Colleague: 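Sharing a structure, written as structure tokens. Questions coming.
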Amino acid sequence: GADLTELLQDSSTSWHGMCGLRNAMSGIITKAIEWDLLPETFANPIHRVRLPKKWEVWEKRILTPEQTAQVLALIDDPNRLICETCLDTGTRISEVTGLMIKHVDLDKGVIHIEQRNFHNNIDEPKTAKSKRALALGTLTERYKTWIAGLRRRGPNDWVFPQDVDLSLPRWDSGVRKALKQAAASIKQKADDPNDPGLDFPGFGMHSLRRANITWRQDVGGSAIEASKIAGHSKVDTTLDYTQIGMKRHDTLTRRIQDMRQKAAQKIDLPTAQPKTDLLLRQRQRAEAARAARKERHTEVVEINKGAVA
């Protein structure tokens, strides 16, 4: 078990990569047993492998709404519409690029997540709960305009096709590149050539999904609602995504303070004793305690003297 754990750590650059490698190794052995390549009594050694505490390669971070607006203003459609879909609905980039015309209900302003485009391989969504309907809100009109301008609008045509081959869905790498370039171009220090702008290690399409999950709760949504809309299989995953900004901290702190103030106004509060009286009693108790300790010490010394005599 220890040797396998060390092997996994040496072979992986991230905790998720190590977890995936462990699961793949376990699956190979399980299949070997099913196919009678190994005896049924063979104990899968991977079951004894315990992964170390989870760590993150990149800092969990999101841009503020103001910074996000700056970045999106520099991106053209369709990349901008794809980014805004991830940001507003909480979809994964693979779910957006996997949308077909039949998955978009413009009358109701809803998109139906039925599949994903994972590296241009059309597959089932990531989890069973990832199949879901999501409201477009104000993006509905944008989708109407975009789809109306497509050259191919059959039910099985792509909402976001490639520029050259319309029979294929758009690559997510192009969208990610446009997002990163836009963020990097917004310099915070004009005189610093090494200023990364609003870009940072780990920033990408998943940052927009993380922002949606965080902001959805900021505006009043519950963790359960955010989890279901995001398509997470467990609420714990949603909590892991959630970032609490300092503005939200301040808002919640002020709400607690306001609640305490209103509660205090509803009742008759007891009058606090004068500080001078309180300090006096504290000094008296301290002096009494010191006197008691001194008396006990004297008694112990006298007993010891008597024992020696």
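The shown structure was predicted, so the numbers you read here are calculated from the model rather than taken from an experiment. Just so you know, these numbers use all the heavy atoms, side chains as well, and skip hydrogens, waters and symmetry mates. Numbering starts at 1 and runs along the sequence shown.
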Colleague: Under a 4.5 Å cut-off applied to non-hydrogen side-chain atoms, are Leu139 and Thr85 in contact?
Modeller: yes

Colleague: Kindly compute the distance separating CD1 (Ile82) from CG (Leu179), expressed to the nearest 0.5 Å.
Modeller: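 Here the interatomic distance stands at 11.5 Å.
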
Colleague: Output the distance between atom CD1 (Ile213) and atom CZ (Arg209), rounded to the nearest 0.5 Å.
Modeller: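 So the CD1 of Ile213 and the CZ of Arg209 are separated by 5.0 Å.
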
Colleague: Working to the nearest 0.5 angstrom, can you tell me the gap between Leu168 CG and Ile122 CD1?
Modeller: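 Those atoms lie 9.0 Å apart.
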
Colleague: With sequence neighbours left out, what residues match Asp107 under salt bridge (Lys or Arg N to Asp or Glu O under 4.0 Å)?
Modeller: none

Colleague: Let me see the working for Val96 and Met205 under side-chain contact (heavy atoms from CB on, under 4.5 Å), right down to the final yes or no.
Modeller: CA-CA 11 Å; Val96 181; Met205 299 303 299; over 6 Å; no

Colleague: Mind jotting down which residue pairs meet the salt bridge (charged side-chain N to carboxylate O under 4.0 Å, His left out) criterion with at least one end in residues 158-167? Sequence neighbours excluded, please.
Modeller: Asp163-Arg170

Colleague: With sequence neighbours left out, which residue pairs that include part of residues 174-183 fulfil the side chain to side chain donor-acceptor pair (under 3.5 Å) condition?
Modeller: Lys180-Asp199

Colleague: Taking the side chain as every heavy atom from C-beta outward, state whether Ser94 and Asp123 have any pair of such atoms under 4.5 Å apart.
Modeller: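 Not in contact.
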
Colleague: Are Phe42 and Ile28 grouped together when hydrophobic residues (ILVMFWY) are joined by side-chain heavy atoms under 4.5 angstrom apart?
Modeller: no

Colleague: For Ser167, does its backbone N or O pair with a side-chain atom of Trp158 as donor and acceptor, under 3.5 Å?
Modeller: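 Checked: pair present.
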
Colleague: In Å, rounded to the nearest 0.5 Å, how long is the span from CG of Asp172 to OG1 of Thr97?
Modeller: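 Interatomic distance, Asp172 CG to Thr97 OG1, rounded to 0.5 Å: 6.0 Å.
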
Colleague: Within the supplied structure, the quantity of interest is the number of heavy atoms (other residues, nucleotides, ligands) at a distance under 6.0 Å from Lys144 NZ; does it exceed 12?
Modeller: yes

Colleague: Could you tell me if the side chain of Glu95 sits less than 4.5 Å from the side chain of His103, heavy atoms only?
Modeller: no

Colleague: With clusters defined by side-chain heavy atoms of hydrophobic residues (ILVMFWY) lying less than 4.5 Å apart, directly or transitively, does Ile62 cluster with Ile186?
Modeller: yes

Colleague: State, to 0.1 Å, how close Asn156 and Lys102 come at their nearest heavy-atom pair, and which atoms those are.
Modeller: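 Taking every non-hydrogen atom into account, OD1-NZ, 2.8 Å.
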
Colleague: Backbone N or O of Phe160 within a donor-acceptor pair of the Trp146 side chain at under 3.5 Å?
Modeller: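 Here the side-chain-to-backbone pair does not exist.
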
Colleague: Checking Lys187 side chain against Ala184 main chain: does a donor-acceptor pair fall under 3.5 Å?
Modeller: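 Checking the backbone N and O of Ala184 against the side chain of Lys187, a donor-acceptor pair under 3.5 Å is found.
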
Colleague: Does any non-hydrogen side-chain atom of Cys83 lie less than 4.5 Å from one of Val175?
Modeller: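 They are in side-chain contact.
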
Colleague: Tell me if a side-chain donor or acceptor on Thr140 pairs with a main-chain N or O of Leu136 at a distance below 3.5 Å.
Modeller: no

Colleague: Run through Lys131, Arg92, Glu114, Arg132 and flag the one making a side-chain contact (heavy atoms from CB on, under 4.5 Å) with Pro125.
Modeller: Lys131

Colleague: CD/Glu84 to CD1/Ile75 distance, rounded to the nearest 0.5 angstrom?
Modeller: 8.5 Å

Colleague: Quick check: does any side chain N or O of Gln115 sit under 3.5 Å from a backbone N or O of Gly98, one acting as donor and the other as acceptor?
Modeller: yes

Colleague: Show your reasoning for whether side-chain hydrogen bond (donor to acceptor under 3.5 Å, both in side chains) applies to Arg116 and Ser130.
Modeller: CA-CA 10 Å; Arg116 66 171 176 166; Ser130 294; over 6 Å; no

Colleague: Give the cluster check for Ile147 versus Ile111: same hydrophobic cluster or not, with ILVMFWY residues linked at side-chain heavy-atom distances below 4.5 Å.
Modeller: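 Yes, one cluster joins them.
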
Colleague: Looking at CD1 of Ile113 and OG1 of Thr89, how far apart are the two atoms once the value is rounded to the nearest 0.5 Å?
Modeller: 6.5 Å

Colleague: With side-chain contact (heavy atoms from CB on, under 4.5 Å) as the test, would you mind laying out the steps for Asp157 and Leu150 before giving the verdict?
Modeller: CA-CA 10 Å; Asp157 287 321; Leu150 293 175; over 6 Å; no

Colleague: How would you list, by chain and number, every residue that makes a salt bridge (Lys or Arg N to Asp or Glu O under 4.0 Å) with Glu34, sequence neighbours excluded?
Modeller: Lys31

Colleague: Would you indicate whether the side-chain heavy atoms of Val159 and Ile101 approach each other to under 4.5 Å?
Modeller: yes

Colleague: What residues form a side chain to side chain contact (heavy atoms under 4.5 Å, CB included) with Asn120, not counting sequence neighbours?
Modeller: Asn117, Gln162, Pro169, Trp171

Colleague: Applying side-chain contact (heavy atoms from CB on, under 4.5 Å) to Thr91 and Leu99, what does each step give before you reach the verdict?
Modeller: CA-CA 11 Å; Thr91 43; Leu99 286 173; over 6 Å; no

Colleague: Would the distance check show the side chain of Arg216 and the main-chain N or O of Asp88 forming a donor-acceptor pair, the cut-off being under 3.5 Å?
Modeller: yes

Colleague: Could you tell me if the side chain of Gln70 sits less than 4.5 Å from the side chain of Leu63, heavy atoms only?
Modeller: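 No, every pair of side-chain atoms sits at 4.5 Å or beyond.
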
Colleague: For Phe203, what residues pass the ring-ring contact (aromatic ring centres under 6.0 Å, His included) criterion, not counting sequence neighbours?
Modeller: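 Result, ring-ring contact (aromatic ring centres under 6.0 Å, His included) vs Phe203: Phe200.
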
Colleague: For the pair Ser26 (side chain) and Arg22 (backbone), establish whether a donor and an acceptor sit closer than 3.5 Å, ignoring hydrogens and angles.
Modeller: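 Here the side-chain-to-backbone pair does not exist.
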
Colleague: Between Ala133 and Val110, which heavy-atom pair has the shortest distance, and what is it?
Modeller: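 Where Ala133 meets Val110 most closely, the heavy atoms are CB-CG1, 3.8 Å.
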
